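A quick write-up on the structure given underneath.
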Amino acid sequence: MYHRTRIRRTRIRLVATVAAAGICALGLTACDSGDSGDTVTDKPKAKASASATTGEKPASEKPASEKPAAEKSATPDVAKVGDTIALKGLEDGNKLDVTVVKIADPAKSSDEFTTPGSGKRFVGVQFKLVNTGTAAYSDSPANGAKITDVDGQQFDSTFADITAGPSMSSAVRLKPGGKALGWIVFEVPKASKTDTIQFAMNSGMANQTGEWKLS
């Protein structure tokens, strides 16, 4: 049963990758719209200010005695766990807000049949996807995710269910405003220290890639 499931998921993954390549080949103009080349962005979206979420007065309205010595920016310089990055796909209207919600390292398999290889461990990353575009989003998100260690080694996602929570679906379809939440799992050497996680739309073929710092 496990082998049949793995073969079926592998086929889904290959079909999604080929489909993304076909979109680019058949619609070259759409693929290149607004982008001159590949980019990697680690700039997160600004978070809501404290005054907007708690009703606290903004610093500009507080007496001088209550103002902090140095006001901090609401947006960090580099995206980390908990931050959201806005990404674009290959076609106009394809946009996602992507958040790295949690990390499970090491992650434990939810069954006795799926285990990491000798000398390796599972690392789980929980992603939240929100379709902020005007077109429907349809993809296999795990295909567009990679994890990198401090030595620069990159690892693709693997098919595994972990005890941290439900896996991200292998076939996500979202209407504008729709959301998806789930874990994507990676198999990395036990000795590797993870450094960054990357995500790109269109099964990883989009020109824009988001990057989050893990350490």
Side-chain angles (χ1 to χ4, degrees), residues 9 13-14 16-17 19-21 23-24 31 34-45 47 75-91 94-107 116 120-133 137-160 162 164-165 167-172 174 179-189 191-215:
R9 288 179 171 178
R13 184 172 187 154
L14 290 173
T17 303
I23 290 171
C24 189
C31 291
D35 290 315
S36 58
D38 292 342
T39 60
V40 177
T41 177
D42 60 2
K43 184 66 174 176
K45 292 184 66 174
K47 295 182 178 179
T75 307
D77 293 333
V78 178
K80 297 181 179 180
V81 177
D83 290 329
T84 300
I85 296 179
L87 296 176
K88 296 179 181 179
L90 291 172
E91 297 181 304
N94 292 153
K95 295 181 180 180
L96 282 182
D97 271 2
V98 182
T99 306
V100 171
V101 182
K102 297 178 184 178
I103 303 292
D105 185 10
K120 297 183 179 181
R121 73 185 192 275
F122 283 151
V123 176
V125 181
Q126 188 183 42
F127 283 90
K128 180 180 180 181
L129 312 178
V130 180
N131 185 355
T132 57
Y137 169 78
S138 180
D139 198 8
S140 180
N143 291 346
K146 293 180 182 291
I147 199 165
T148 305
D149 67 12
V150 293
D151 294 320
Q153 299 179 102
Q154 285 195 328
F155 306 96
D156 294 324
S157 62
T158 187
F159 290 111
I162 57 176
S167 296
M168 179 70 73
S169 172
S170 59
V172 174
L174 303 175
K179 303 176 182 180
L181 178 70
W183 290 85
I184 295 177
V185 181
F186 304 85
E187 188 175 10
V188 304
S192 289
K193 181 180 180 182
T194 56
D195 185 47
T196 60
I197 181 76
Q198 292 185 339
F199 182 89
M201 296 177 65
N202 303 106
S203 289
M205 299 185 69
N207 293 329
Q208 189 180 35
T209 299
E211 181 175 278
W212 292 257
K213 189 75 173 176
L214 301 180
S215 57

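Computed from a prediction, not measured in an experiment: that's the story for all the values here.
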Worksheet item: Quick one: do Asp97 and Lys128 make a salt bridge, cutoff under 4.0 Å?
Response: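 No, Asp97 and Lys128 are not salt-bridged.
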Using 0.5 Å steps for rounding, measure from the [atom1] atom of [X] to the [atom2] atom of [Y].
X	Y	atom1	atom2	value
Asn94	Asp139	CG	CG	9.5 Å
Thr194	Phe155	OG1	CZ	10.0 Å
Glu211	Gln198	CD	CD	4.5 Å
Ile162	Ser167	CD1	OG	6.5 Å
Gln154	Ile197	CD	CD1	9.5 Å
Ile147	Phe186	CD1	CZ	5.5 Å

Minimum side-chain heavy-atom gap [X]-[Y] below 4.5 Å:
X	Y	answer
Gln126	Leu181	yes
Arg121	Val188	yes
Phe199	Val100	no
Lys213	Asp195	yes
Trp212	Val125	no
Leu129	Met168	yes

Taking all atoms of both residues into account, what is the closest heavy-atom pair of [X] and [Y], and its distance?
X	Y	result
Ile85	Lys43	CG1-O, 4.0 Å
Gly124	Ala107	N-CB, 3.8 Å
Thr99	Gly82	CG2-O, 3.8 Å
Tyr137	Leu96	CE1-CD1, 3.6 Å
Met201	Leu87	SD-O, 3.8 Å
Ala200	Gln208	CB-O, 3.7 Å

Worksheet item: What's the verdict on side-chain contact (heavy atoms from CB on, under 4.5 Å) for Val81 and Leu214, showing C-alpha distance, side-chain angles and the deciding distance?
Response: CA-CA 7 Å; Val81 177; Leu214 301 180; 3.9 Å; yes
Worksheet item: How would you list all residue pairs meeting salt bridge (Lys or Arg N to Asp or Glu O under 4.0 Å) that involve residues 140-154, not counting sequence neighbours?
Response: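 Pairs touching residues 140-154 that pass the test: Lys146-Asp156.
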Worksheet item: Do side-chain atoms of Asp83 reach the backbone of Pro44 as a donor and acceptor pair under 3.5 angstrom?
Response: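 Answer holds: no.
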